[in-house]
J.: 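Quick one: the structure is below, questions incoming.
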Amino acid sequence: INNYHTICSMGVYDRFKKKREGLRQLVELLESTPKVRRQKLIDVGMAEDAKYTELALQYVITFEDILKMSKFELAELVAKAPPRTIAFAIKKLAEDIILRFLQCSQPKVMAQIKDDLGVEISMAEIGSAQLKMITITRELEKQGTLNLKKIPLSE
């Protein structure tokens with residue numbers, strides 16, 4: 001009976017805290033989860049272990065972080081991301097931001113992005129494309145190509 005109680009009272013975040021890569025796994029989960037569900041995960045985490053949740057949130061990459069990247073970093077991301085994903089992610093943004101993404105892309109990619117900017121899409125597709133851009137940014141961070149919000153290993 002004690003074992004059963006221990007298992008049932010285990011926190012949602014406990015599985016992350018026990019692993020060396022746990023913090024990274026939690027951060028990546030938060031990054032790849034749509035905003036509404038992400039907020040529920042954060043709320044559970046704050047109730048369970050606010051300090052650990054706040055630590056994870058320090059490393060979460062948001063689409064706003066991508067928009068603040070240097071031209072060099074943005075060029076790395078644009079080179080790795082599919083042109084359609086880029087176009088959908090930036091579709092409803094200000095002209096100067098769209099121009100910045102275009103300036104960081106190769107001519108062939110730029111042409112594809114411009115074509116895809118003309119496609120009618122839903123807000124859900126925009127959100128999905130932005131999440132994909134975050135995932136690609138995190139992959140580049142793991143490879144050491146980008147230094148954006150580098151996640152340390154847990155002790």
Side-chain angles (χ1 to χ4, degrees), residues 12-46 48-49 51-94 96-119 121-155:
V12 176
Y13 280 21
D14 285 346
R15 66 187 169 125
F16 296 109
K17 292 193 274 188
K18 288 180 179 163
K19 295 186 212 163
R20 192 155 188 260
E21 288 282 324
L23 182 62
R24 174 175 291 282
Q25 290 171 346
L26 176 57
V27 169
E28 289 176 1
L29 174 66
L30 291 169
E31 287 172 344
S32 62
T33 303
K35 281 183 180 166
V36 175
R37 279 195 308 195
R38 180 184 320 141
Q39 192 54 55
K40 287 179 185 164
L41 272 171
I42 292 169
D43 293 344
V44 165
M46 291 304 267
E48 205 174 281
D49 186 338
K51 192 174 176 186
Y52 191 74
T53 304
E54 287 168 4
L55 177 66
L57 289 172
Q58 287 177 29
Y59 297 102
V60 170
I61 295 172
T62 64
F63 195 69
E64 289 71 30
D65 292 323
I66 291 172
L67 298 180
K68 294 176 193 167
M69 290 191 324
S70 71
K71 283 195 171 193
F72 171 76
E73 292 170 318
L74 195 56
E76 291 286 343
L77 175 58
V78 169
K80 175 95 172 154
R84 176 163 274 207
T85 301
I86 297 166
F88 286 9
I90 64 174
K91 183 160 176 67
K92 299 280 184 188
L93 300 179
D96 62 319
I97 296 171
I98 292 172
L99 187 61
R100 197 161 172 264
F101 275 80
L102 292 172
Q103 289 170 342
C104 289
S105 56
Q106 299 295 324
K108 186 178 174 189
V109 173
M110 183 191 297
Q112 290 174 295
I113 293 171
K114 285 181 177 178
D115 283 349
D116 288 331
L117 281 169
V119 176
I121 59 170
S122 67
M123 288 307 288
E125 288 172 296
I126 291 171
S128 178
Q130 289 178 352
L131 285 177
K132 179 70 177 151
M133 295 288 286
I134 291 166
T135 301
I136 295 167
T137 302
R138 180 55 71 197
E139 287 170 17
L140 291 169
E141 176 269 327
K142 269 199 264 196
Q143 295 166 10
T145 306
L146 295 179
N147 255 337
L148 189 70
K149 295 192 174 180
K150 194 152 184 54
I151 303 170
L153 284 173
S154 301
E155 260 69 285

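Residue indices begin at 1 and follow the sequence shown.
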J.: Measure the shortest side-chain to side-chain distance between Leu67 and Leu74 over non-hydrogen atoms and say whether it is less than 4.5 angstrom.
T.: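 Of all side-chain heavy-atom pairs linking Leu74 with Leu67, none is under 4.5 Å.
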J.: Run the side chain to side chain contact (heavy atoms under 4.5 Å, CB included) test on Arg100 and Leu93 for me, step by step, so that the C-alpha distance in whole Å, both residues' side-chain angles and the decisive distance to 0.1 Å come before the verdict.
T.: CA-CA 11 Å; Arg100 197 161 172 264; Leu93 300 179; over 6 Å; no
J.: Ala129: what forms a side chain to side chain contact (heavy atoms under 4.5 Å, CB included) with it, not counting sequence neighbours?
T.: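 With sequence neighbours excluded, Ala129 shows a side chain to side chain contact (heavy atoms under 4.5 Å, CB included) to Thr85, Phe88, Ala89, given in chain and number order.
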J.: Roughly how far apart are Thr62 OG1 and Leu30 CG, rounded to 0.5 Å?
T.: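 Thr62 OG1 to Leu30 CG: 12.5 Å, rounded to 0.5 Å.
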J.: Taking salt bridge (charged side-chain N to carboxylate O under 4.0 Å, His left out) as the definition, give me every residue that meets it alongside Asp65, ordered by chain and number, with sequence neighbours left out.
T.: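 With neighbours one apart ignored, the set is Lys149.
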J.: Nearest 0.5 Å, what's the CZ-CD1 distance between Phe63 and Ile134?
T.: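 It is 7.5 Å, given to the nearest 0.5 Å.
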J.: Can you tell if the side chain of Glu125 reaches within under 4.5 Å of the side chain of Val119, non-hydrogen atoms only?
T.: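 No, side chains not in contact.
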J.: What distance separates Ile66 CD1 from Leu148 CG, expressed to the nearest 0.5 Å?
T.: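 Here the interatomic distance stands at 7.5 Å.
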J.: What's the shortest heavy-atom distance between Ser32 and Thr135, and which atoms?
T.: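 For Ser32 versus Thr135, the nearest heavy atoms are CB-OG1, 4.4 Å.
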J.: Could you tell me the separation between the CZ atom of Arg138 and the CG atom of Leu146, rounded to the nearest 0.5 Å?
T.: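 Result: 10.0 Å between the selected atoms.
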J.: Counting N and O atoms only, with roles assigned by atom type, does the side chain of Glu48 sit under 3.5 Å from a partner on the main chain of Tyr13, one being a donor and the other an acceptor?
T.: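 At least one qualifying donor-acceptor pair exists.
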J.: Just verifying a value: how many Å separate Ile61 CD1 and Glu28 CD, rounded to the nearest 0.5 Å?
T.: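 Ile61 atom CD1 to Glu28 atom CD measures 9.0 Å (nearest 0.5 Å).
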J.: Name all residues meeting the side chain to side chain donor-acceptor pair (under 3.5 Å) criterion together with Gln106; count only those two or more places apart in sequence or in a different chain, and write none if there are none.
T.: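 With sequence neighbours excluded, Gln106 shows a side chain to side chain donor-acceptor pair (under 3.5 Å) to no residue whatsoever.
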J.: Does Lys150 have any salt bridge (charged side-chain N to carboxylate O under 4.0 Å, His left out) partners at least two apart in sequence or in another chain, and if so, which?
T.: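 Applying salt bridge (charged side-chain N to carboxylate O under 4.0 Å, His left out) to Lys150 gives Glu141.
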J.: What residue pairs, at least two apart or across chains, pass side chain to side chain donor-acceptor pair (under 3.5 Å) with a residue in residues 70-83?
T.: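 Every pair satisfying side chain to side chain donor-acceptor pair (under 3.5 Å) with a residue in residues 70-83: Ser70-Glu73, Lys71-Gln103.
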J.: Which pair of non-hydrogen atoms, one from Glu31 and one from Tyr59, has the smallest distance, and what is that distance?
T.: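 Answer, listing the atom of Glu31 first, then Tyr59: OE2-O, 3.5 Å.
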J.: Grab the two heavy atoms, one from Val27 and one from Ala56, that are nearest each other, plus how far apart they are.
T.: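 For Val27 and Ala56, the tightest heavy-atom pair comes out as CG2-O, 3.4 Å.
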J.: For Ala124, give me all partners under side chain to side chain contact (heavy atoms under 4.5 Å, CB included), at least two apart in sequence or on another chain.
T.: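 Applying side chain to side chain contact (heavy atoms under 4.5 Å, CB included) to Ala124 gives Ser122.
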J.: Taking side chain to side chain contact (heavy atoms under 4.5 Å, CB included) as the definition, give me every residue that meets it alongside Lys51, ordered by chain and number, with sequence neighbours left out.
T.: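 Partners of Lys51 under the side chain to side chain contact (heavy atoms under 4.5 Å, CB included) test: Asp49.
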J.: Would you mind listing every salt bridge (charged side-chain N to carboxylate O under 4.0 Å, His left out) that reaches into residues 109-118, with sequence neighbours excluded?
T.: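 Checked against salt bridge (charged side-chain N to carboxylate O under 4.0 Å, His left out) - neighbours excluded - the pairs reaching residues 109-118 are Arg84-Asp116.
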J.: Identify the two heavy atoms, one from Val109 and one from Pro83, that lie closest to each other, and give their separation to 0.1 Å.
T.: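 Shortest heavy-atom contact: CG1-CG, 4.0 Å.
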J.: What are the two closest heavy atoms between Leu77 and Leu140, and how far apart are they?
T.: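 Answer, listing the atom of Leu77 first, then Leu140: CA-CD1, 3.7 Å.
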J.: Excluding sequence neighbours, so at least two apart, what forms side chain to side chain donor-acceptor pair (under 3.5 Å) with Gln112?
T.: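 Side chain to side chain donor-acceptor pair (under 3.5 Å) list for Gln112, sorted by chain: empty.
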J.: Holding to side chain to side chain donor-acceptor pair (under 3.5 Å), I want the full list of residues that pass it with Gln25, two or more places apart in sequence or in another chain.
T.: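 Listed in chain order: Lys19.
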J.: Is the closest side-chain heavy-atom distance between Lys132 and Ile136 below 4.5 Å?
T.: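 SC-SC contact between Lys132 and Ile136 confirmed.
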J.: Roughly how far, to the nearest 0.5 Å, is the NZ atom of Lys92 from the CD1 atom of Ile121?
T.: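 Ile121 atom CD1 to Lys92 atom NZ measures 7.5 Å (nearest 0.5 Å).
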J.: Could you list the donor-acceptor pairs under 3.5 angstrom formed between side-chain atoms of residues 39-46 and any protein atom two or more places apart in sequence or on another chain?
T.:
from  : atom 1 : to    : atom 2 : distance (Å)
Gln39 : NE2    : Asp43 : OD1    : 2.8

